Protein chains: 2
Amino acid sequence: MTEAPALDRGARSRDAILDTAGDLMARHGYAATSISMISAACGLPVSSIYWHFRSKDGIYVAVLGRARTALLAALPQAEVPGADVAQRLDTFLAEVGSAFRRQPRGVKLLLGLGMVQQDASAAALAEVRRYRDALVAWARDSLSSVFALRDRPEVADELARFTLRMAAGTVVARWFEPDAVLETGPLRVALLALASHHGVPVGHVPGRDAPSRGVANRE
Amino acid sequence: MTEAPALDRGARSRDAILDTAGDLMARHGYAATSISMISAACGLPVSSIYWHFRSKDGIYVAVLGRARTALLAALPQAEVPGADVAQRLDTFLAEVGSAFRRQPRGVKLLLGLGMVQQDASAAALAEVRRYRDALVAWARDSLSSVFALRDRPEVADELARFTLRMAAGTVVARWFEPDAVLETGPLRVALLALASHHGVPVGHVPGRDAPSRGVANRE
DNA sequence: GTCTATACACAGATAGAC
DNA sequence: GTCTATCTGTGTATAGAC
C-alpha cells in the first residue's frame, strides 16, 4: 500500500500539490497564496513544487485547468431530458444547483485571479478564458435545449448570461453569508418570464410554490 | 494656488493617497497592491503613507469607507417616485444602471478583499460588512417602494437579493468582457415576474420591447 | 507632515547533493 | 523526484532628521 509503483510517485505528488494549491488559492486568492504556504500545507518542499510546475503562475494554470475538466465532467450533457419546458427546466436547475453545491472551489478560483487581469501571464489569461468559455457554452446549449431555442440563438445567449451572472453573484454573496445557496426558485420564475417575454412558448407555467394569488398578468 | 493653507496640506495628501490606493486596489486586489506601488503612483514616500494610515489594513479600511459614503451619496432616496409600478421600476432601474456605470470601483473594492476573508483584520471585516449592509438596505427599501411592499418584507428581501446578485455577477462578468453592462431589460422582466409570482399586483406589465408574441402566462 | 535611510521577514526562484 | 541550503528582490513597517 505504502509501496506504490515508483512510476506514479511523481504523479501522486503532483496531485497533492494541485489539491492543496487549489484549496489555498480559492480561499485566499492567487496573490495572497505563497509557495511556502502550499509547501507547508502539502508537506513537499518548495523545490519539488518548482520541479513539477515551473512557476507560481504554472501552478495556477494547472489548478484551474484541473478544476475546469472536473467541473465539465460533473455537469451533465447539454441535451436536457424532459417532456415539456417546465420539466426540462426543473431538471436543468436541479443540475445547476447541485453542481454549484458540490464544486464550491471552481468558480472562486476564477475570481481569485480575476482581479489580477492586468499583470496576469498570457497562459493564465488563456486558461481563465477557456474555463469561462466552457461554462458559457454549456449554459447556452443547455438552455437552448430546455426552451427549444435552436432557431433563436440570441435568446439562448441572453438566458445563459442571465443564469451565469446570477450564479456568479451568488458566489460573491457567499463570502458575506457562507451558507448562501443558488436560489433556483426565483431563477426559474425569471427564466420562464424572460423566455416568454421573447415570445418563446413555455407551456402553462405551473408555478411550483406561492400560487400566484394576485391580479398579475391581466390586462 | 500652490500655496494652499498649510493646514490642509495633510488633508490633501491624505486624499491623494486614498485616490491612488483605491484605484490600485480595485484593479489588482488588496493582496497584490503594495505600499510601494501606492507610493510610486501618488508621489508621496511610504513613510508619509504610514503616517496617515497606520498600516496597509488601515488604508483599505479608509478607502472602502470613503467608497461607501460616495456610493450612498450617489444613490437616490429610497422613496422611488412614480405613479405606478412600471414607472417606478423604470426609474429605479435607470438609477441602478447609472450608479453602476459611474461607480465602477466601489464594488470591485469589496471583491478585492472579499477573497481574503480568512486573514482579514476585524476592522476590515467590519467595514466590508457596513458597505454590504448599506447596499442591501438600499435595495430592499427601494424595491419595497417600487412594488409597494410595506406589508411583504420577505418579498422585498427576495427581490433585493436577486437584484444585488445580478449586479455582483455583472461586476464579475466585467473582467472577462470589460464592456459588459448591467442588463436592466432582462432584470426588469425578471423582477416583474417575481413580484407577480408572489401575488404582488404589478399593473398591466407593458413590456418595453419584444411584444410578447407567445402563448405564455395562459392557463 | 514630509523626507532619507533602513530593519527584518518573507516572497519567488534556483543549485546541487542524494 | 525529493531534499537542504541559498540567492535576490521586495514586502511591511519604522527611526529620526528636517
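All figures in this text were calculated on a predicted structure; none of them were measured in a lab.
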Among residues at least two apart in sequence or on other chains, which ones pass side chain to side chain donor-acceptor pair (under 3.5 Å) with A:Arg88?
none
Show every donor-acceptor pair shorter than 3.5 Å between a side-chain atom in residues 66-82 of chain A and any protein atom, with sequence neighbours excluded, or say none if there are none.
{"from": "A:Arg66", "atom 1": "NH2", "to": "A:Asp19", "atom 2": "OD1", "distance (Å)": "2.7"}
{"from": "A:Arg68", "atom 1": "NE", "to": "A:Glu127", "atom 2": "OE2", "distance (Å)": "3.0"}
{"from": "A:Arg68", "atom 1": "NH2", "to": "A:Glu127", "atom 2": "OE2", "distance (Å)": "3.0"}
{"from": "A:Thr69", "atom 1": "OG1", "to": "A:Arg66", "atom 2": "O", "distance (Å)": "3.0"}

Output all residues satisfying side chain to side chain donor-acceptor pair (under 3.5 Å) with A:Asp141, sequence neighbours left out; order by chain, then residue number.
none
Taken to the nearest whole Å, OH/A:Tyr50 to P/D:dA5 is 19 Å
Name all residues meeting the side chain to side chain donor-acceptor pair (under 3.5 Å) criterion together with B:Glu158; count only those two or more places apart in sequence or in a different chain, and write none if there are none.
B:His198
Give me, pair by pair, the N or O atoms of the protein and of nucleotides 2-5 of chain C that are less than 3.5 Å apart, along with how far apart they are.
{"from": "C:dT2", "atom 1": "OP1", "to": "B:Ser13", "atom 2": "OG", "distance (Å)": "2.4"}
{"from": "C:dT2", "atom 1": "OP2", "to": "B:His52", "atom 2": "NE2", "distance (Å)": "2.7"}
{"from": "C:dC3", "atom 1": "N4", "to": "B:Ser47", "atom 2": "OG", "distance (Å)": "2.7"}
{"from": "C:dT4", "atom 1": "O4", "to": "B:Ser47", "atom 2": "OG", "distance (Å)": "2.8"}

Name the pairs: protein N/O against N/O of nucleotides 7-11 of chain C, kept only if under 3.5 Å.
{"from": "C:dA11", "atom 1": "OP1", "to": "A:Ser34", "atom 2": "OG", "distance (Å)": "3.4"}
{"from": "C:dA11", "atom 1": "OP2", "to": "A:Ser36", "atom 2": "OG", "distance (Å)": "2.7"}

Partner residues of A:Ser36 under the side-chain contact (heavy atoms from CB on, under 4.5 Å) criterion, sequence neighbours left out:
A:Ser34
Please identify each residue that fulfils side chain to side chain donor-acceptor pair (under 3.5 Å) with B:Asp133, with sequence neighbours left out.
none
Provide, to the nearest angstrom, the distance between the CD1 atom belonging to B:Ile38 and the C1' atom belonging to D:dT12.
11 Å
Answer whether the closest heavy-atom distance between the side chains of B:Tyr60 and B:Thr33 falls below 4.5 Å.
no
Enumerate, atom names and distances included, each donor-acceptor pair closer than 3.5 Å involving a side-chain atom of residues 178-186 of chain A, sequence neighbours excluded.
{"from": "A:Glu183", "atom 1": "OE2", "to": "B:Arg161", "atom 2": "NE", "distance (Å)": "2.6"}
{"from": "A:Glu183", "atom 1": "OE2", "to": "B:Arg161", "atom 2": "NH2", "distance (Å)": "3.2"}

